Protein chains: 4
Amino acid sequence: MTPIVSEEYKEKKRQEILQSAHVCFAEKGFEACTVDDIVARSGMSKGAIYNYFKSKDDIYLALMEGQTHKSRNEFAKAIAERKTALDKLNYLIEAYLDNDPNDEENKGHAIVHYEFSLYSTRNPKLKKLLTERYKDFFVSLLIGIIKEGQTSGEFNKELDPSTHADIFWAMVNGATLQATILENYQYKLILKEMQNLFLEKLRQ
Amino acid sequence: MTPIVSEEYKEKKRQEILQSAHVCFAEKGFEACTVDDIVARSGMSKGAIYNYFKSKDDIYLALMEGQTHKSRNEFAKAIAERKTALDKLNYLIEAYLDNDPNDEENKGHAIVHYEFSLYSTRNPKLKKLLTERYKDFFVSLLIGIIKEGQTSGEFNKELDPSTHADIFWAMVNGATLQATILENYQYKLILKEMQNLFLEKLRQ
Amino acid sequence: MTPIVSEEYKEKKRQEILQSAHVCFAEKGFEACTVDDIVARSGMSKGAIYNYFKSKDDIYLALMEGQTHKSRNEFAKAIAERKTALDKLNYLIEAYLDNDPNDEENKGHAIVHYEFSLYSTRNPKLKKLLTERYKDFFVSLLIGIIKEGQTSGEFNKELDPSTHADIFWAMVNGATLQATILENYQYKLILKEMQNLFLEKLRQ
Amino acid sequence: MTPIVSEEYKEKKRQEILQSAHVCFAEKGFEACTVDDIVARSGMSKGAIYNYFKSKDDIYLALMEGQTHKSRNEFAKAIAERKTALDKLNYLIEAYLDNDPNDEENKGHAIVHYEFSLYSTRNPKLKKLLTERYKDFFVSLLIGIIKEGQTSGEFNKELDPSTHADIFWAMVNGATLQATILENYQYKLILKEMQNLFLEKLRQ
DNA sequence: CATGAATGAGACTTCATTCAT
DNA sequence: TATGAATGAAGTCTCATTCAT
């Protein structure tokens with residue numbers, strides 16, 4: 001018996017399922033989203049989905065695994081293109097300004113993301129994974145920019161890059177979370193004020 | 001004729017349920033935790049629980065209400081005792097410094113809180129409730145302090161109190177969320193740096 | 001130990017419960033009406049109710065038992081007062097004209113009545129009881145009137161009184177049922193036309 | 001790809017559920033009959049039943065729909081075959097003569113039907129549905145026949161067809177209800193006398 | 001490999017009845 | 001007797017997963 005379908009075909013199917021699942025999770029939340037929802041959105045059969053993933057949890061996990069890799073490349077490229085540390089930082093903030101959770105799609109992303117993060121809290125392995133991802137990507141991205149700014153004289157040399165990287169992401173996450181949870185949150189305004197606050201501090 | 005049980009008795013029972021529910025929610029998450037879990041942990045019957053609360057949502061709401069009330073009173077009292085706006089703000093931050101999610105109990109609180117907030121996202125009524133609670137308590141508390149500081153000359157008069165109230169809470173929430181989700185997060189350090197950042201801005 | 005409360009007191013309480021139960025059953029139906037509903041309406045405690053009746057079914061049964069006796073006397077008296085058979089028959093129909101199920105209260109009565117009748121269907125004893133009640137009261141009332149009319153020359157002597165009694169009540173019940181079940185049913189109009197139909201036949 | 005089971009198979013299953021439900025409803029009443037009862041009688045799983053019907057109400061509605069359809073087709077065909085309006089009307093009455101609730105099966109039908117009608121009384125949507133079904137099928141069927149008779153000169157042209165349609169069905173329902181509720185009710189005799197009564201009126 | 005009907009445990013919630021006070 | 005908090009079986013419905021075709 002030789003395999004009847006190619007690996008590419010299978011990978012394509014897998015991605016289709018993941019894509020559909022992501023939309024569904026975002027719309028209704030992981031627990032509220034049913035396998036039938038995913039079936040409906042993907043247009044595949046339930047049996048097919050269970051051929052590619054062994055459980056609903058499994059889909060969730062695969063989805064998160066995949067997500068980690070995504071923005072990494074985008075960011076890395078865009079940042080490499082900017083010259084000054086200030087430009088890089090501003091680019092980053094602007095990228096998040098576009099991420100306003102008052103837009104339904106962004107809100108969906110945010111919800112899935114936070115939900116999964118909270119879920120990971122009860123799974124040491126996942127928690128470790130998320131922590132590593134946070135450090136290896138988000139923190140080190142910012143540390144790089146701050147250090148660059150300090151070297152070039154743009155930023156105050158006495159600030160601790162690591163601490164301020166954490167502060168930066170805490171602010172972004174805080175604003176995003178509030179905007180996700182609350183009605184009529186002035187996300188963009190808040191984020192811009194945070195930008196001022198943060199840059200003033202860095203350039204002091 | 002005579003009431004069968006005292007009000008205290010009933011309040012005690014209520015608190016027992018709330019306590020048990022809180023532990024369960026923290027352990028498994030709000031949605032994954034079943035009423036039967038709460039039954040098992042509380043040692044009461046299912047009917048008894050529904051005598052005190054009309055739904056699972058209702059239990060959570062009461063839990064939150066309780067926390068808000070507790071904070072409200074503590075905060076109100078402590079803040080009234082401080083003289084200057086600066087003292088008041090510092091008190092608030094110190095209260096949150098004690099709230100370090102690296103302590104298991106605080107982490108439990110935080111998880112339940114964020115999870116339910118996310119859950120509320122898909123229930124307009126709940127979302128509205130959370131938004132009102134945020135505005136009526138958290139935002140207005142801070143607006144009061146900022147305005148007081150502006151009147152007394154402690155704080156810069158040109159800052160918008162409302163926006164900075166939002167910024168303050170976004171920072172606190174951001175730090176708490178990160179500390180909840182990530183391993184070995186330097187919660188206290190980050191929060192203190194945020195304190196500096198924020199106060200410098202206000203006093204500019 | 002002598003009894004502490006009088007028999008009258010107990011009977012009064014019983015009647016109060018029955019009264020409240022009747023309203024509740026009418027409003028929501030026997031199955032949908034809860035003991036708590038009856039508690040709420042009667043203002044008595046749940047324990048008290050169970051002191052007087054041993055179950056919800058028991059209340060229902062007592063209620064029906066009581067109802068049988070009620071209208072009997074009213075009708076008997078009013079009919080005795082009319083002189084001619086025609087007057088008597090017209091009185092009866094007019095009484096039912098006032099019973100329009102488009103009025104909420106009448107509808108309630110009707111629903112409870114029919115619901116119970118259907119319920120009795122599965123209980124031979126009750127069914128027998130209802131049948132006897134129907135014959136001893138409703139049918140014989142009408143047979144009496146018809147025969148009187150035949151003797152006095154008002155009505156056609158060749159008609160079978162018993163059959164026409166059945167027809168009369170089937171028509172009244174049919175119209176009442178339809179009006180109970182359907183929206184915007186022209187109960188009064190239909191009943192009047194039935195009156196014409198029936199009287200024409202009798203007087204032919 | 002290929003459908004797993006044929007449409008006939010599914011229709012057969014549906015009918016099996018309906019059949020089982022009908023028996024259960026008749027035995028215990030619509031409200032007292034549980035989904036588990038239907039499960040037990042049908043030998044299927046609960047999930048299977050909810051695959052075919054979305055609620056217990058839905059099962060009843062389908063049952064009713066089915067009966068209406070059956071009657072509709074039978075009636076339509078049989079009535080089209082008769083030439084005169086009188087023949088048509090007589091056919092209709094004869095069909096109901098066969099429906100004698102003294103036969104257990106017919107009684108079951110009747111009980112379920114009336115019980116559900118009463119139940120619908122508290123559900124505006126259902127009530128509306130029942131009213132529409134009554135008008136669209138039962139009333140309009142009879143209006144058609146009466147008008148035809150008026151055109152052909154068989155029936156009195158001055159009678160209001162709509163009112164007399166209501167009268168007709170109230171009489172049929174009244175007789176059926178009485179026969180369902182009471183012991184030894186002379187259903188056939190009463191219905192025949194009603195036929196005379198009604199036809200005399202129409203032909204006057 | 002694909003299909004989707006079938007399964008049945010389990011979710012939330014209700015409510016008739018009991019019984020300690 | 002009166003009270004009403006406690007009980008827990010039972011109700012409807014959902015849904016992740018399996019498996020015969």
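Here is the naming used below: chain letters follow the sequence lines, and residue numbers restart at 1 for every chain. Computed from a predicted structure; not experimentally measured.
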TODO: Could you state the atom-to-atom distance from NZ of Lys54(C) to P of dT17(E) in whole Å?
DONE: 10 Å
Task: Minimum-distance nucleotide to Ser45(C) side chain [options: dA2(F), dA16(E), dT12(F)] - done: dA2(F)
Task: Spacing between Arg14(D) atom CZ and dG4(E) atom P, to the nearest angstrom - done: 19 Å
TODO: Examine the side chains of Gln15(D) and Glu11(D) and answer whether a donor and an acceptor come within less than 3.5 Å of each other.
DONE: yes
Task: Of Asp36(C) and Ser55(B), the one whose closest DNA chain E nucleotide lies more 5' - done: Ser55(B)
Task: Sugar-phosphate, base or nothing in reach of Tyr52(D), heavy atoms under 4.0 Å - done: sugar-phosphate
TODO: Please state the C1' separation for the pair dC1(E) and dT21(F) - nearest whole angstrom.
DONE: 13 Å
Open item on the list: At less than 4.0 Å, is any side-chain N or O atom of Tyr9(B) found next to OP1 or OP2 of dA20(E)? Yes or no.
Closed with: no
Task: Ile38(B) CD1 to dA11(E) C1', straight-line distance once rounded to whole Å - done: 12 Å
- [ ] Just compare dA16(F), dC15(E), dC12(E) and give me whichever is closest to any side-chain atom of Thr34(C).
- [x] dC15(E)
TODO: Please tell me if the side chains of Lys28(D) and Thr34(D) come closer than 4.5 Å, counting only heavy atoms from C-beta onward.
DONE: no
TODO: Give me the ring orientation class for His109(D) and His22(D): parallel if the planes are under 30° apart, tilted from 30 to 60°, perpendicular past 60°.
DONE: tilted
- [ ] Give the ring-plane orientation class for Tyr60(C) versus Phe30(C), where under 30° counts as parallel, over 60° as perpendicular and anything between as tilted.
- [x] perpendicular
Open item on the list: Looking at Lys46(D) and dT7(E), is any side-chain donor or acceptor paired with a base atom of the opposite kind under 3.5 Å?
Closed with: no
Task: Donor-acceptor pair present, Asn51(B) side chain and dA5(F) base, under 3.5 Å - done: no
- [ ] Can you tell me the distance, in whole Å, between the CD1 atom of Ile59(C) and the C1' atom of dT17(E)?
- [x] 12 Å
Task: dT1(F) phosphate, OP1 or OP2, under 4.0 Å from Lys10(C) side-chain N/O - done: yes
Task: Separation of dA11(E) P from Asp57(B) CG (nearest whole Å) - done: 16 Å
Task: Value in whole Å for how far the C1' atom of dT14(E) lies from CD of Glu31(C) - done: 14 Å
Open item on the list: Measuring centre to centre across the rings, with the benzene-like ring taken for any Trp, is Phe25(D) within less than 6.0 Å of Phe116(D)?
Closed with: no
Task: Tyr50(A) OH - dA16(F) P separation (whole Å) - done: 6 Å
Open item on the list: Checking base pairs now: Watson-Crick or wobble, both atom distances under 3.5 Å. What partners dT21(E)?
Closed with: dA2(F)
Task: Value in whole Å for how far the P atom of dC15(E) lies from NZ of Lys56(C) - done: 8 Å
Task: Nearest-nucleotide 5' precedence on DNA chain E, Gly47(C) against Ala48(D) - done: Ala48(D)
